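Written out below as structure tokens is the structure these notes cover.
A quick note: this is a predicted structure, and the numbers were derived from the prediction, not measured. Counting starts at 1 for both ligands and their atoms, following the listed order.
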Amino acid sequence: MVHDCLFCRIVRREIPATVVAEDEHCLAFRDIAPKAPTHVLVIPKVHVRTLDDADDASVVGRMLLMAARVARDEGIAAAGYRTVVNTNAGAGQTVFHLHAHVLGGRPLEWPPG
Ligand code: 5GP
Ligand code: ZN
């Protein structure tokens, strides 16, 4: 099914993105408005609206494993990085296609805002 969704359009290469990793199931690309020196988004290629809509463990698991691989490849894994999945508007989700943020390259405060 073809979705009129920003991230589905990035998967179809209708919108350009700086891709850092890709396999059959997932795509990772740099966030257009980075919040840290490294800020990559990892998405499943299938359209899933939010984490609350996800029901396939392999989709969520593959997304997180690619996030970990990106963090290693970006050289931020040993120092520490954060994976964030904002779910619905109150948590700051603005693009309604499931994605994991990978943030690192600077100290990250806890708790987040
Ligand atoms: P959310 O707020 O939904 O958790 O995260 C969406 C993210 O997508 C934001 O960090 C935003 O900067 C990023 N974003 C929005 N539009 C684009 C785009 O066209 N290209 C890329 N690479 N990132 C985008
Ligand atoms: Zn989509």
Side-chain angles (χ1 to χ4, degrees):
M1 191 170 163
V2 176
H3 288 271
D4 183 23
C5 153
L6 176 64
F7 287 176
C8 284
R9 296 187 70 197
I10 287 177
V11 170
R12 296 196 296 268
R13 304 303 208 267
E14 293 170 8
I15 292 173
T18 305
V19 171
V20 298
E22 179 169 20
D23 65 17
E24 194 187 337
H25 304 284
C26 295
L27 186 70
F29 51 94
R30 296 200 190 282
D31 196 291
I32 204 166
K35 308 297 187 295
T38 294
H39 188 173
V40 173
L41 302 173
V42 183
I43 67 172
K45 289 187 172 179
V46 294
H47 182 81
V48 177
R49 207 175 154 272
T50 77
L51 186 61
D52 193 46
D53 298 291
D55 58 7
D56 185 340
S58 67
V59 168
V60 178
R62 285 182 175 120
M63 178 180 75
L64 278 181
L65 286 176
M66 182 174 281
R69 180 154 64 82
V70 165
R72 286 193 296 274
D73 292 348
E74 293 283 317
I76 59 172
Y81 64 95
R82 188 163 296 158
T83 47
V84 175
V85 180
N86 294 324
T87 302
N88 285 329
Q93 186 173 4
T94 58
V95 178
F96 286 82
H97 178 129
L98 178 64
H99 52 281
H101 297 257
V102 180
L103 296 149
R106 65 166 170 82
L108 298 166
E109 305 207 341
W110 190 262

Exercise. Which heavy atom in Q93 sits nearest to a heavy atom in N86, and how many Å separate them?
Worked result: OE1-O, 3.3 Å

Exercise. Which atom, among the N/O/S set of H97, is closest to the Zn ion (ligand 2)?
Worked result: ND1

For this session: Write the atom name of the N, O or S atom in H47 that is nearest the Zn ion (ligand 2).
Result: ND1

For this session: Please check if atom CD in E109 has more than 12 non-hydrogen atoms from other residues, nucleotides or ligands closer than 6.0 Å.
Result: no

For this session: Using a strict 4.0 Å cut-off to heavy atoms of A33, name the atoms of ligand 1 that fall inside it.
Result: 12 (O)

For this session: Could you list which atoms of ligand 1 come closer than 4.0 Å to a heavy atom of N86?
Result: 4 (O)

Considering only the protein, which heavy-atom contact is closest to [atom], and what is its distance?
atom                    : value
atom 1 (P) of ligand 1  : H99 NE2, 3.2 Å
atom 2 (O) of ligand 1  : G92 O, 2.7 Å
atom 7 (C) of ligand 1  : D31 OD2, 3.4 Å
atom 3 (O) of ligand 1  : T94 N, 2.7 Å
atom 16 (N) of ligand 1 : L6 CD2, 3.3 Å
atom 20 (N) of ligand 1 : I32 CB, 3.7 Å

Find out whether [X] and [Y] are in side-chain contact, i.e. whether some heavy atom of one side chain is under 4.5 Å from a heavy atom of the other.
X   : Y    : value
V42 : H99  : no
I76 : R106 : no
R12 : V2   : yes

Exercise. Are any of the heavy atoms in F7 under 4.0 Å away from ligand 1?
Worked result: yes

Record the part of [X] in heavy-atom contact with ligand 1 below 4.0 Å; permitted values are side chain, backbone, both and neither.
X   : answer
F29 : side chain
V84 : neither
R30 : backbone

Problem set entry | T18 OG1 to R30 CZ distance, which is reported to the nearest 0.5 Å | 7.0 Å

Are [X] and [Y] connected in the hydrophobic side-chain network, where two residues link if heavy atoms are under 4.5 Å apart?
X    : Y    : value
V40  : L51  : yes
F96  : L98  : no
V102 : L108 : no

Exercise. Polar-atom distance check: H101 versus ligand 1, any N or O pair below 3.5 Å?
Worked result: yes

Exercise. Does V95, backbone or side chain, put an N or O under 3.5 Å from an N or O of ligand 1?
Worked result: yes

For this session: Output yes when R62 and E24 qualify as a salt bridge under the 4.0 Å nitrogen-oxygen rule, no when they do not.
Result: no

Problem set entry | Stepwise side-chain contact (heavy atoms from CB on, under 4.5 Å) check, L27 with R13 | CA-CA 11 Å; L27 186 70; R13 304 303 208 267; 3.8 Å; yes

Problem set entry | Metal proximity, H3 vs the Zn ion (ligand 2), N/O/S cut-off 2.8 Å | no

